[in-house]
Visitor: 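A single structure is presented below for examination.
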Amino acid sequence: MLKQIVLNLVRLQTSRSNSLALHNQVFLYGKILNTKTRLCPSLYLATDIKDFEKENTRTVDSLYRLCVNIKKIRQLKGWVLSKDVAFVEEIGQILKDMGANEATIANIFESCPEAFLHPPAEINSQRTLWHSVCPNDEQLVKIIEKFPDSFFCYKSTTHQKANIEYFQELRLSNKIISRLLASSPQIFCNSVTSNKKIINELEQNYLCLGGKQTNFKTWLMKLLSQDPFILSKPSLSMKGNLKFFQSLGFSNEEVLKLLSKLKGVIFDINREHMEAGIMFLKTVFKCREEEVKHLIMKCPGLLCYSVPTLNNRIKCMLDEGISVRQIKDCPNVLELTPQIIQFRIQKIKVLGHNVKNANLDIINGTKKDFEANYGKLHVKKERPMFNPVSPLHIEE
């Protein structure tokens, strides 16, 4: 009887401008009669009657029973609630069998609503695949909670399986492979032939630059763990850039170091872009070829920035009273944005420290590095000029 009254109220009100008010009336009416449990829970969560009418009530009710925050799903990907077929209870049970608690299951569904749209058979197939590199269900649940899209949304079983086997043949550890599978699932959707081609070319370049065959697997593991997307980039640009570095007079050993430091960026840097940047550095710092090489080896990231960006950052530091010589001695500061530079300079000024004619290492580095340096300055400022424990020798 009460349900019929509510539905009649909904039909009477069709104007969008009044739909929220109607929802509030329905909610209050149910609350007054203390019959909330007799009504569909989705009725209390919908903020628009039209959207509510489109949603799959069974899906919403199943999510409600799992204590999922349906409002988050509506905001993130509300369309999943309108699908005719969903497997909320089934996928929830699979996750529960793997050791996930209610809060974890709710968090996964809220972060990746598509998770409950896939048939249980597909998810069990994914589970088996991931077990080949992460056999422990407890660890796998943690990975899924952190990277739900990687587990539920990237399904190319044939390519994934072939690539996992190939990486295992390369003797990459399962830990590294599972990390790649979680953080960079796209590379496992590439054909194994494509990935093999890129890795073979990396190996050839590594050996040509003087690297040892016995060290290649370790080098590759580090490279992939730092930037796995190198397997999704064309190799022609890498070859051209390596030749460009050699034409500048870098030795094979130095080029290999640049390749290791620049990682996947070396595939993206444009040669004309680098030439313009190097010319700019020569002009600003008034240095020769050998000095430019030293700057680049010290801070390879300089090759990644456009001339306007470098010019803007240098200008910002000059305005703060920093000299060109100081920047040249610590080129890594050019990796910081003007906003970060100004913030750090102002912060240490409060402690009475002036960056003029000082080593710029104090404002350089990551946020963690700067906070450590700032902490040392702060302690130094508060340290007493004498040891209060030591007795003072005063003549009586």
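Note that the structure is a prediction, hence the values are computed from the model and not measured. Note: hydrogens, waters and symmetry copies are ignored here, and every other heavy atom, side chains too, is used.
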Visitor: If you define the side chain from C-beta out and look only at heavy atoms, does anything of I108 sit under 4.5 Å from F151?
Guide: no
Visitor: With side chains defined as the heavy atoms from C-beta onward, is the minimum distance between W79 and S82 less than 4.5 Å?
Guide: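 Counting from C-beta outward, W79 and S82 never come under 4.5 Å.
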Visitor: My understanding is that only residues two or more places apart in sequence, or in another chain, count here; which of them pass side-chain hydrogen bond (donor to acceptor under 3.5 Å, both in side chains) with K161?
Guide: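 K161 satisfies side-chain hydrogen bond (donor to acceptor under 3.5 Å, both in side chains) with no other residue.
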Visitor: List the residues meeting salt bridge (charged side-chain N to carboxylate O under 4.0 Å, His left out) with E291, not counting sequence neighbours, and say none if there are none.
Guide: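 Per chain and number, E291 pairs via salt bridge (charged side-chain N to carboxylate O under 4.0 Å, His left out) with K328.
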Visitor: Will you find, in the side chains of T366 and D369, an N or O donor that is under 3.5 Å from an N or O acceptor?
Guide: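 Result is yes, a qualifying pair exists.
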Visitor: Which residue pairs pass the ring-ring contact (aromatic ring centres under 6.0 Å, His included) test when at least one of the two sits in residues 169-209, sequence neighbours left out?
Guide: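 Qualifying pairs: F167-F188, Y206-F216, Y206-W219.
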Visitor: Regarding S191 and S194, do their side chains bring together a donor and an acceptor under 3.5 Å, going by distance alone?
Guide: no
Visitor: Who are the side-chain hydrogen bond (donor to acceptor under 3.5 Å, both in side chains) partners of Q168, not counting sequence neighbours?
Guide: N174
Visitor: If only atom types and distance count, is the side chain of T128 paired as donor or acceptor with the main-chain N or O of N124 below 3.5 Å?
Guide: yes
Visitor: In chain order, what residues pass the side-chain hydrogen bond (donor to acceptor under 3.5 Å, both in side chains) check against T157, with sequence neighbours excluded?
Guide: none
Visitor: For residues 207-215, tabulate all N or O donor-acceptor pairs below 3.5 Å that involve a side-chain atom, not counting sequence neighbours.
Guide:
from	atom 1	to	atom 2	distance (Å)
Q213	NE2	E203	OE2	2.7

Visitor: Between side-chain atoms of residues 133-144 and protein atoms elsewhere (two or more places apart, or another chain), which donor-acceptor pairs fall under 3.5 Å?
Guide:
from	atom 1	to	atom 2	distance (Å)
N136	OD1	E138	N	2.8
N136	OD1	Q139	N	3.0
D137	OD1	H131	NE2	2.7
D137	OD2	R127	NH2	3.0

Visitor: Quick one: pull up CZ in F370 and CD1 in I348 and give me the separation to the nearest 0.5 Å.
Guide: 6.0 Å
Visitor: Please report the C-alpha distance between T104 and N101 in whole Å, then the side-chain angles of each, then the deciding distance to 0.1 Å, and finally whether the side chain to side chain donor-acceptor pair (under 3.5 Å) criterion is met.
Guide: CA-CA 5 Å; T104 300; N101 58 30; 2.8 Å; yes
Visitor: Using modelled atom types only, decide if a donor and an acceptor are shared between the side chain of N205 and the backbone of E201 within a distance under 3.5 Å.
Guide: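 Such a contact is found between N205 side chain and E201 backbone.
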Visitor: Can you name the residues that form a ring pair (Phe, Tyr, Trp, His ring centres under 6.0 Å) with F245, not counting sequence neighbours?
Guide: none
Visitor: Report yes or no: do L117 and L66 belong to one cluster of Ile/Leu/Val/Met/Phe/Trp/Tyr joined by side chain heavy-atom distances under 4.5 Å?
Guide: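 Yes, same cluster.
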Visitor: For K282, what residues pass the salt bridge (charged side-chain N to carboxylate O under 4.0 Å, His left out) criterion, not counting sequence neighbours?
Guide: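 By the salt bridge (charged side-chain N to carboxylate O under 4.0 Å, His left out) rule, K282 matches E289.
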Visitor: Just grab all the salt bridge (Lys or Arg N to Asp or Glu O under 4.0 Å) pairs involving residues 293-304, residues at least two apart or on different chains.
Guide: E290-K293
Visitor: Could you tell me which residues satisfy side-chain hydrogen bond (donor to acceptor under 3.5 Å, both in side chains) with T218, sequence neighbours excluded, listed by chain and number?
Guide: none
Visitor: Roughly how far, to the nearest 0.5 Å, is the CD1 atom of I187 from the CG atom of L181?
Guide: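 Interatomic distance, L181 CG to I187 CD1, rounded to 0.5 Å: 8.5 Å.
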Visitor: What pairs of residues pass the salt bridge (Lys or Arg N to Asp or Glu O under 4.0 Å) test when at least one of them lies in residues 80-100, not counting sequence neighbours?
Guide: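 Listed once each, the pairs are R65-E89.
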